[in-house]
There are 2 protein chains.
Amino acid sequence: MATVVRNTRQRSAVAQLLLETDEFRSAQEIYDLLRQRGTSVGLTTVYRTLQSLAEADEVDMMRPPGGDYLYRQCTTEHHHHLVCRSCGSTVEITGPAVESWAQRIAAEHGFSDISHTLELFGTCRTCSAQ
Amino acid sequence: MATVVRNTRQRSAVAQLLLETDEFRSAQEIYDLLRQRGTSVGLTTVYRTLQSLAEADEVDMMRPPGGDYLYRQCTTEHHHHLVCRSCGSTVEITGPAVESWAQRIAAEHGFSDISHTLELFGTCRTCSAQ
DNA sequence: AAATTTAATGATAATGATTGTCATGTGCAA
DNA sequence: TTGCACATGACAATCATTATCATTAAATTT
Ligand SMILES: [Mn+2]
Ligand SMILES: [Mn+2]
Ligand SMILES: [Zn+2]
Ligand SMILES: [Zn+2]
């Protein structure tokens with residue numbers, strides 16, 4: 001019954017790469033980066049591992065407008081992101097006021113079992129200076 | 001130079017269907033609905049028209065987690081949505097406090113040219129009662 | 001240290017939404 | 001009416017993601 005997650009070389013490699021990366025990266029990018037450092041791993045495995053890590057809330061998954069799914073190693077508490085559209089650098093942000101606002105709005109309209117997506121995009125200071 | 005948008009039968013049909021629809025719908029769904037009512041239209045044209053309308057801010061476009069792009073005729077002011085995961089019924093919401101919060105947070109971190117995505121998902125009253 | 005069990009891997013094929021192509025159609029301004 | 005530029009749509013292409021399934025290899029049990 002209890003789902004046993006096996007400790008494989010590939011899973012460790014994906015997790016380790018994410019630990020060393022600050023930006024959101026796509027599955028394909030992560031695959032390429034692993035390859036570049038000589039780690040033998042299949043693309044399918046990268047997809048499955050990222051999915052599995054995301055489900056276990058060990059990595060964050062998001063999809064920017066017009067883009068593919070991106071993954072990043074984040075803190076475990078609920079939070080959102082401020083992402084540079086140009087370089088991908090990411091700042092984790094929390095907004096207690098926003099959280100309670102979302103709950104209140106939803107309740108006012110008779111909705112239950114609420115979830116939300118909230119992401120900020122912009123140009124970071126470094127990229128602004130070209 | 002000035003982009004002239006031609007008044008075609010197909011474009012009118014898509015716009016009209018959106019006017020009569022309250023929920024977010026995918027391009028494929030809109031294509032099917034048009035077909036069902038006997039409107040001859042190509043799928044490519046539906047995609048292009050929706051894109052064009054979205055660019056002109058005449059319809060709202062969003063993409064729920066794990067889903068395809070969805071389109072809906074909305075009011076023109078900036079707003080967000082509270083969407084039922086079960087039936088798709090949608091409530092437009094505004095959050096002035098959230099808007100200013102987003103601007104402030106971004107500025108504090110040196111980000112400029114800010115945009116954001118914010119959507120609430122839940123189960124509506126009707127669907128809660130099964 | 002085997003033997004066993006069963007999840008994980010990965011090469012490959014399939015899927016499916018979206019976009020590109022391009023010959024033909026048509027809105028509309030002159 | 002005529003002419004032209006944009007619009008249409010059948011069809012092919014793209015490409016991220018998922019499904020298959022034979023093989024590998026953790027973890028557990030003898
Ligand atoms: Mn939140
Ligand atoms: Mn907003
Ligand atoms: Zn940047
Ligand atoms: Zn509902």
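Numbers restart at 1 for each chain; the letters A, B, ... are given by sequence-line order, proteins then strands.
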Check whether B/E29 reaches the backbone of B/S26 with its side chain - one donor and one acceptor, N or O, closer than 3.5 Å. yes
Judged by each residue's nearest nucleotide on DNA chain C, which is more toward the 5′ side, B/D68 or B/R9? B/D68
With the criterion being N/O to N/O and under 3.5 Å, what pairs connect the protein with nucleotides 28-30 of chain C, and how long is each?
unit_1, atom_1, unit_2, atom_2, d
C/dC28, OP1, B/N7, N, 3.2

Round to a whole Å and report the spacing from CZ of B/R11 to P of D/dG9. 14 Å
May I ask you to say what A/S40 touches in the nucleic acid, namely base, sugar-phosphate or nothing, with a heavy-atom cut-off under 4.0 Å? sugar-phosphate
Can you check the B/L53 CG to D/dA7 P distance for me, whole Å? 12 Å
Can you find a heavy atom in the side chain of B/R63 that is under 4.5 Å from one in the side chain of A/R63? yes
Do B/P64 and B/F24 have side-chain heavy atoms sitting under 4.5 Å apart? no
Ring pair (Phe, Tyr, Trp, His ring centres under 6.0 Å) filter on A/H79, not counting sequence neighbours, yields A/H81
From CG of B/L34 across to P of D/dT8 the rounded distance in Å is 12 Å
Is any side-chain heavy atom of A/R72 less than 4.5 Å from a side-chain heavy atom of A/E23? no
Tell me: OH of B/Y71 to P of C/dA17, nearest whole Å? 13 Å
Establish, from distance only, whether the side-chain atoms of B/E99 and B/Q103 form a donor-acceptor pair under 3.5 Å. no
Can you measure B/R35 atom CZ to D/dT8 atom C1' for me and round it to whole angstrom units? 12 Å
Just the rounded figure in Å: distance from C1' of D/dG9 to CD1 of B/I30. 18 Å
Minimum side-chain heavy-atom gap B/V91-A/F111 below 4.5 Å: yes
OP1 or OP2 of D/dA7 under 4.0 Å from side-chain N/O of B/Q10: no
Are side-chain heavy atoms of B/R37 and B/E20 found at a separation under 4.5 Å? yes
I'd like to know if the side chain of B/T21 pairs up with that of B/Q73 as donor and acceptor (distance under 3.5 Å, no hydrogens or angles considered). no
Just to be sure I understand the geometry, which residues of residues 42-51 of chain A put a non-hydrogen atom under 4.0 Å away from DNA chain C? A/G42, A/T44, A/T45, A/R48
